[in-house]
Amino acid sequence: MTAQARIQYISDKEGQPVSVIVPIHLWREITSERETAYLLKSETMKKRLLEAKNRTGGISLDNARTQLGI
């Protein structure tokens, strides 16, 4: 953990930890990893994510709107 990723613990009157404060960049990393893990539980989503990761081209926004009927 770097100095920028300093985590702060909040305790109650008895000294029991009740909350944690984490830097926003660390929080975003944690939530991103959780979302990815959730998506990878589905074989369909795993396939789609891998296809998207390996995609080298794309479609224009106008073409996407046409395909979606927007």
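Salt-bridge formation is detected for the pair Lys46/Glu43: a Lys NZ or Arg NE/NH1/NH2 atom is positioned less than 4.0 Å from an Asp or Glu carboxylate oxygen.
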Stepwise side-chain contact (heavy atoms from CB on, under 4.5 Å) check, Leu40 with Leu49:
CA-CA 8 Å; Leu40 290 176; Leu49 287 170; 3.9 Å; yes
Evaluate the side-chain contact (heavy atoms from CB on, under 4.5 Å) criterion for residues Ile7 and Ile21: first the C-alpha distance (whole Å), next the side-chain angles of each, then the deciding distance (0.1 Å), finally the verdict.
CA-CA 6 Å; Ile7 298 173; Ile21 299 174; over 6 Å; no
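In terms of hydrophobic clustering, with Ile, Leu, Val, Met, Phe, Trp and Tyr side chains grouped at heavy-atom distances under 4.5 Å, Ile10 and Val22 are assigned to different clusters. Hydrophobic cluster membership differs between Tyr38 and Ile30, with clusters built from Ile, Leu, Val, Met, Phe, Trp and Tyr side chains linked at under 4.5 angstrom.
At distances below 3.5 Å, at least one donor-acceptor pair connects side-chain atoms of Thr31 with backbone N or O atoms of Arg28.
Taking CG of Leu50 as the start and CE of Met45 as the end, the distance is 10.5 Å to the nearest 0.5 Å. Here the OG atom belonging to Ser42 is positioned 7.5 Å from the CZ atom belonging to Arg48, to the nearest 0.5 angstrom.
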